[in-house]
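What follows is a single structure, written as structure tokens, with notes after it.
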Amino acid sequence: MNKKPSNTREKILATAEQLIYQNGIHAMGMDLLVKSSGVARKSIYHHFANKEEVASAALNERDERWMQWFRTESDKGETPEARILNMFAVLKSWFESEGFRGCAFINTAGEVGDPDDPVRQIAKMHKQKLLDYALELSAQLNTEHTVVLARQLLILIEGAITMTYVMGDRNAVDNAQDVAKVLLERFSAGA
């Protein structure tokens, strides 16, 4: 899921993303970004007008990379049911990875109060992409309840992320996958 930055802009964004994920947006000041990235302040301002632009760009990069990784890994299942259940196996591998700190988008959205703030809008877009992916997989089942199933899967995904990070419940993702199996049985039975 990670790649080495190849130019100054990428280096700034990679460092900003890491700082945001570790400490939050408010803790990622320009001084810390300069110190951590090794990029001069002038160079940062050459690419970005302010800290908010850096944070937004870093979160957008994370969204694209994370969604590509999540979809690629989840799509390794051979059937629609397997792909849906594989989403939880992929989440589990992420939860067990070094440095897991929950969802960057949930975490950063919680730092800003204004629903129109760019950070909140990026978080909303990310969650919409997850819902769209769950909807895409649910549609492959040819069930009449595609939207209902997709929304329930998103709740299971978000719940697993939150329970794992906030509560330290390492079984949350397995429990979510078990509930997903029940949902799949229910919807394949024509419920």
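The figures that follow rest on heavy atoms only: side chains count, while hydrogens, waters and symmetry mates do not.
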Legend entry - Side-chain H-bond candidate by donor/acceptor type, Asp117 with Gln121, under 3.5 Å: no
What are the two closest heavy atoms between [X] and [Y], and how far apart are they?
{"X": "Thr8", "Y": "Ser43", "answer": "CG2-CB, 4.4 Å"}
{"X": "Ala16", "Y": "Ala58", "answer": "CB-CB, 4.0 Å"}
{"X": "Leu141", "Y": "Pro80", "answer": "CD2-CB, 3.5 Å"}

Inset, instruction - Keeping the roles fixed (side chain from Asn86, backbone from Ala82), state whether a donor-acceptor pair exists under 3.5 Å. - result: no
Inset, instruction - Could you tell me whether a side-chain N or O of Asn171 sits under 3.5 Å from a main-chain N or O of Asp174, the two making a donor and an acceptor? - result: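 Side chain of Asn171 to backbone of Asp174: no pair is present.
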Legend entry - Non-neighbouring partners of Phe95 that pass ring-ring contact (aromatic ring centres under 6.0 Å, His included), sequence neighbours left out: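 Scan of Phe95 (ring-ring contact (aromatic ring centres under 6.0 Å, His included), adjacent residues dropped) gives Phe100.
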Inset, instruction - Could you tell me which residues satisfy ring-ring contact (aromatic ring centres under 6.0 Å, His included) with Phe105, sequence neighbours excluded, listed by chain and number? - result: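 Applying ring-ring contact (aromatic ring centres under 6.0 Å, His included) to Phe105 gives His126.
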Inset, instruction - Can you run down the salt bridge (charged side-chain N to carboxylate O under 4.0 Å, His left out) pairs that involve residues 74-86, sequence neighbours left out, and say none if there aren't any? - result: Glu73-Lys76
Legend entry - Residue pairs involving residues 133-158 (criterion salt bridge (charged side-chain N to carboxylate O under 4.0 Å, His left out); sequence neighbours excluded): Arg71-Glu136, Lys127-Glu158
Inset, instruction - Among Ile, Leu, Val, Met, Phe, Trp and Tyr joined by side-chain contacts under 4.5 Å, find the other residues sharing a cluster with Leu135 and list them by chain and number. - result: Val147
Legend entry - Geometric cation-pi criterion, Arg101 with Tyr165: 6.0 Å, 45°: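 So Arg101 doesn't make the cation-pi contact.
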Report, one line per pair, each donor and acceptor closer than 3.5 Å where one atom sits in a side chain of residues 25-35; sequence neighbours left out.
unit_1 : atom_1 : unit_2 : atom_2 : d
His26  : NE2    : Glu111 : O      : 3.0
Asp31  : OD1    : Arg41  : NH2    : 2.1

Inset, instruction - Give a yes or no on this: more than 12 heavy atoms of other residues, nucleotides or ligands lie within 6.0 Å of atom CD of Gln68. - result: no
